[in-house]
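The block underneath contains the structure these notes are about, expressed in structure tokens.
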Amino acid sequence: MFTLSTYLKSLGYNTTLLDSNYKISKQVDLLAYLSNNSLKFYFILVFLNKTDAYGIVLKKVADELRLIKLSYKVVIIGFGYLAASASEELMEYEAVDLVVTKISILSFIQYDSYVQTLAENVQANIDKFYQIRGLQNSIKFYENSIISIEGSSGCNARCTFCAYNEDVGHGWYGRNVTEAAKDIHCLYEVHNITRFAFSDNEFGGNLYECSYRAKILADHLNDIRDKISIALNIRSEVLDADSILNFSNAGVKTFLIGIESFNERTLKKIFGKLVDQAHLHKVIKECDKNNIKTVTSYILWHPWQTIESIKFELDKIEKFGRYRIPQFLTNSILKVMPGTPIELKIKRDNLLKKSFFHRSFEFQDNNTKVLYNLLKTWYEENVYPTLRQLNDENKGDIRQIAELKIKEFEWLKQQLI
């Protein structure tokens with residue numbers, strides 16, 4: 001968003017950048033800001049880019065935007081993965097006037113050439129990469145900040161549940177990784193920033209690209225590898241022993257890897273995801289050897305889940321390492337995003353539950369439904385009250401959270417005996 005604001009300023013627009021992050025805390029009350037400001041605003045550009053905000057959080061955002069539209073008669077333009085995925089709902093709800101993606105400008109209204117020009121300028125900026133060097137004096141850095149670095153756009157995978165390619169209209173392509181490495185080195189040298197996270201959905205691209213990119217990072221960051229910490233999203237199939245070693249030599253401390261299931265049929269037929277299980281386990285061992293923590297995502301609960309598959313998957317999870325999957329299994333449930341292939345499949349099977357900014361599903365198998373409801377009740381009675389009092393920044397609390405996850409896992413296994 002900062003780079004878009006800078007880009008629009010270079011074109012002569014008078015822009016104001018505000019942080020209204022609903023996930024962490026509401027930094028700015030947008031309606032109050034407009035009320036107390038003497039400036040006349042003609043447009044509001046809203047960056048909606050976190051698909052996990054779909055649901056209650058997006059409904060709050062939409063309510064505020066609709067009220068602003070009614071009060072100030074401004075044109076509101078949405079963009080980002082979430083805006084693209086939920087575009088029809090956002091426009092039908094009258095929260096936004098237009099949604100801009102790389103391949104189209106979507107709208108239910110007629111608009112003039114001035115709006116068209118701004119929308120096209122937003123569109124031109126969507127998949128551009130910008131270096132932080134040169135912009136750094138305009139950015140306020142906070143102590144212990146985790147700085148997002150751009151490394152690529154899009155993804156070569158086509159998982160049925162994913163909306164991350166919604167706004168770009170293409171597969172994966174990478175930024176010049178030398179530029180990304182220089183940004184990291186500069187921020188460390190000039191601002192003593194030590195924590196970084198690549199904002200990509202998938203850093204590697206393919207086996208060849210990943211090997212090359214890892215080597216470039218290592219060449220540029222090896223001298224500060226022990227002073228910085230980098231996290232990135234990556235697919236296990238693009239990694240090998242050499243690239244993992246190079247990532248470690250570049251200061252990478254964490255890989256976020258989407259496993260989603262150990263059931264091959266679920267992966268292929270339902271999630272549209274290809275995972276070489278044998279290769280995955282080799283990757284995990286190499287990461288352990290090179291002190292890179294692997295954090296994995298998993299979807300245990302989906303509309304077509306069965307009791308037999310749950311038994312199989314829990315056994316595989318235990319052998320893999322329950323600790324590698326950070327979420328509670330109660331929350332390891334398919335998040336249905338609008339416009340995704342899996343939403344259409346759920347709808348065809350008459351299992352979709354749908355309303356404004358809400359998608360969920362019914363279980364096809366009644367025994368699975370009963371088991372999930374029992375687990376949910378157990379979680380609400382035994383986990384949630386304790387979680388509300390804990391802080392995952394506190395080491396003692398982290399241990400207690402881990403113990404709760406073990407208890408949940410053991411409880412679920414007991415129900416299947």
Side-chain angles (χ1 to χ4, degrees), residues 50-52 81 127 148-166 168 170-175 177 180 196-218 230-248 250 252-290 292-300 313 316-317 320-321 324-327 332 334-335 337 340-342:
K50 288 290 184 183
T51 54
D52 58 359
Y81 309 132
D127 57 357
S148 292
I149 303 293
E150 293 179 310
S152 67
S153 175
C155 180
N156 284 332
R158 287 295 179 269
C159 303
T160 60
F161 52 81
C162 185
Y164 280 138
N165 282 332
E166 285 292 314
V168 292
H170 56 68
W172 182 93
Y173 78 91
R175 177 190 180 190
V177 76
F196 302 90
F198 277 95
S199 57
D200 319 30
N201 306 313
E202 204 288 296
F203 181 86
N206 57 47
L207 195 63
Y208 170 78
E209 285 282 354
C210 186
S211 177
Y212 169 76
R213 290 159 68 78
K215 180 67 168 61
I216 295 295
L217 281 183
I230 299 173
L232 54 85
N233 293 286
I234 200 157
R235 291 180 295 134
S236 59
E237 53 264 41
V238 306
L239 290 165
D240 61 19
D242 288 340
S243 61
I244 291 169
L245 175 60
N246 279 321
F247 277 126
S248 177
V252 173
K253 303 296 192 296
T254 306
F255 284 149
L256 295 94
I257 300 176
I259 295 176
E260 316 315 350
S261 179
F262 285 119
N263 185 319
E264 293 286 355
R265 184 184 181 281
T266 299
L267 285 170
K268 185 176 180 181
K269 300 290 186 182
I270 297 175
F271 297 156
K273 188 176 177 69
L274 299 176
V275 176
D276 183 332
Q277 302 286 351
H279 180 70
L280 169 66
H281 284 79
K282 289 179 183 177
V283 164
I284 297 297
K285 285 183 179 179
E286 286 296 324
C287 289
D288 288 346
K289 188 168 75 175
N290 287 282
I292 296 178
K293 181 169 66 175
T294 51
V295 179
T296 60
S297 59
Y298 204 91
I299 302 172
L300 181 63
E313 296 196 60
K316 291 290 186 180
I317 288 172
F320 176 71
R324 297 188 192 277
I325 302 171
Q327 68 259 62
S332 181
L334 175 69
K335 187 174 183 67
M337 292 299 298
T340 53
I342 206 163

Is the [atom1] atom of [X] crowded by more than 12 outside heavy atoms at less than 6.0 Å?
X: K335; atom1: NZ; value: yes
X: L274; atom1: CG; value: no
X: K282; atom1: NZ; value: no

With a 3.5 Å cut-off and no angle check, do the side chains of E260 and S297 form a donor-acceptor pair?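 Yes - a donor-acceptor pair under 3.5 Å links their side chains.
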Looking only at the side chains, is there a donor atom on one of S152 and W172 sitting less than 3.5 Å from an acceptor on the other?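 Checked: S152/W172 side chains pair up, N/O donor to acceptor below 3.5 Å.
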With a 4.5 Å limit on heavy-atom distance, are the side chains of [X] and [Y] in contact?
X: V238; Y: Y208; answer: no
X: F196; Y: S148; answer: no
X: N201; Y: N233; answer: no
X: I342; Y: I270; answer: yes
X: C287; Y: V283; answer: yes
X: I284; Y: F255; answer: no

Is the closest basic N to carboxylate O distance between [X] and [Y] below 4.0 Å?
X: R175; Y: E150; result: no
X: D288; Y: R324; result: yes
X: E286; Y: K289; result: yes

With side-chain hydrogen bond (donor to acceptor under 3.5 Å, both in side chains) as the test, would you mind laying out the steps for S243 and N246 before giving the verdict? CA-CA 5 Å; S243 61; N246 279 321; over 6 Å; no
Smallest separation among heavy atoms of [X] and [Y], with atom names:
X: P326; Y: V295; value: CG-CG1, 3.5 Å
X: C155; Y: E202; value: SG-CB, 3.9 Å
X: I234; Y: C210; value: CD1-SG, 3.7 Å
X: E209; Y: N206; value: N-OD1, 2.7 Å

Plane angle bin for H281 and F262 - parallel if under 30°, tilted between 30 and 60°, otherwise perpendicular: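 Aromatic pair F262/H281 classed tilted.
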From I325 CD1 over to T294 OG1, what is the distance, rounded to the nearest 0.5 angstrom?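 With rounding to 0.5 Å, CD1 (I325) is 10.0 Å from OG1 (T294).
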